[in-house]
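One structure is given below, encoded as structure tokens.
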Amino acid sequence: MNADMSIVDLLAGVRARIAAAAKSCGRDPASVTLIAVSKTHGADKAALAIGAGQQDFGENRVQEAEGKWPVLKAAHPVRLHLIGPLQTNKARDAVALFDAIHTLDRPRLAEKLAAEMQAQNRAVSCFVQVNTGREEQKAGIDPKEADAFIAACRDQWRLPVVGLMCIPPVNEEPALHFAFLREIAKRNGLAQLSMGMSDDFEIAIALGATHIRVGSAIFGARAAPV
Ligand SMILES: *Cc1c(COP(=O)(O)O)cnc(C)c1O
């Protein structure tokens, strides 16, 4: 099979699944933003997706994105989403390149992002990542601290917080985590939910996802875990 064709076909297939999932729960498919996760894949593959009308892309490393996206971004109206952990020493570069950051999860980072957005006169939409499974090794704010952290991000640091993001534990029912995230968002008056990946985005859509992050279902398997 022609590899170039397959990205276009796979993307069309994912879009059809999004439309079906949205319709089956009475949602407008346009209320779901598909973020094509191009991490580990080259600019050539991203360009094929752009050619097929894809506008939102996700990367999990600032440095990798800097090598891939500036030229494409200058030529096309794409939006870039940072979906991986962000170190404070990369905050400046992240604010300069990305249009949304889905991994805001600690005060030090909030402070740094606020300072950088001010310095660069640039507002980058932020999603607060919540560690809904309370996993030791996983990024994200503890659910118990989420309300206070969200309030501080808005009131103290004046960050443009638009929603919440989660990555459910691998061996647990994702629906429980998606519903939990939706509840935290609701009580904090946040409209957007970044949740759902290749294997569970239909469930996420049923539970209110506004942004789904889909990699392997569009670009194929990644060479190595990242
Ligand atoms: C890699 C990644 C995805 C995409 O995963 P797939 O299973 O390939 O769809 C989504 N979200 C985050 C945070 C990721 O790191």
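These numbers come from a predicted model, not from an experiment. As the structure lists them, so they are numbered: ligands from 1, and atoms in each ligand from 1.
The shortest N or O to N or O distance between Arg222 and ligand 1 is under 3.5 Å. Distances between N or O atoms of Gly215 and those of ligand 1 include at least one value under 3.5 Å.
Interface of Val214 with ligand 1, defined as ligand atoms under 4.0 Å from a residue heavy atom, comprises 9 (O). Near Arg213, meaning under 4.0 Å from any of its heavy atoms, are these atoms of ligand 1: 4 (C), 9 (O), 10 (C), 11 (N), 12 (C), 13 (C).
Under 4.0 angstrom from ligand 1, the non-hydrogen atoms of Lys39 all belong to its side chain. With a heavy-atom cut-off of 4.0 Å, Ile167 touches ligand 1 through its side chain alone.
In this structure, SG in Cys25 is found 10.5 Å from CD in Glu202, a value given to the nearest 0.5 Å.
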Full working for salt bridge (Lys or Arg N to Asp or Glu O under 4.0 Å) between Glu116 and Arg92: CA-CA 6 Å; Glu116 280 305 331; Arg92 173 172 304 170; 3.2 Å; yes
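With hydrogens and angles left out, the side-chain atoms of His177 and Glu172 include a donor and acceptor closer than 3.5 Å. Neither side chain, His81 nor Asp99, offers a donor N or O lying under 3.5 Å from an acceptor on the other.
Atom CZ of Arg17 has more than 12 neighbouring heavy atoms from other residues, nucleotides or ligands inside a 6.0 Å radius.
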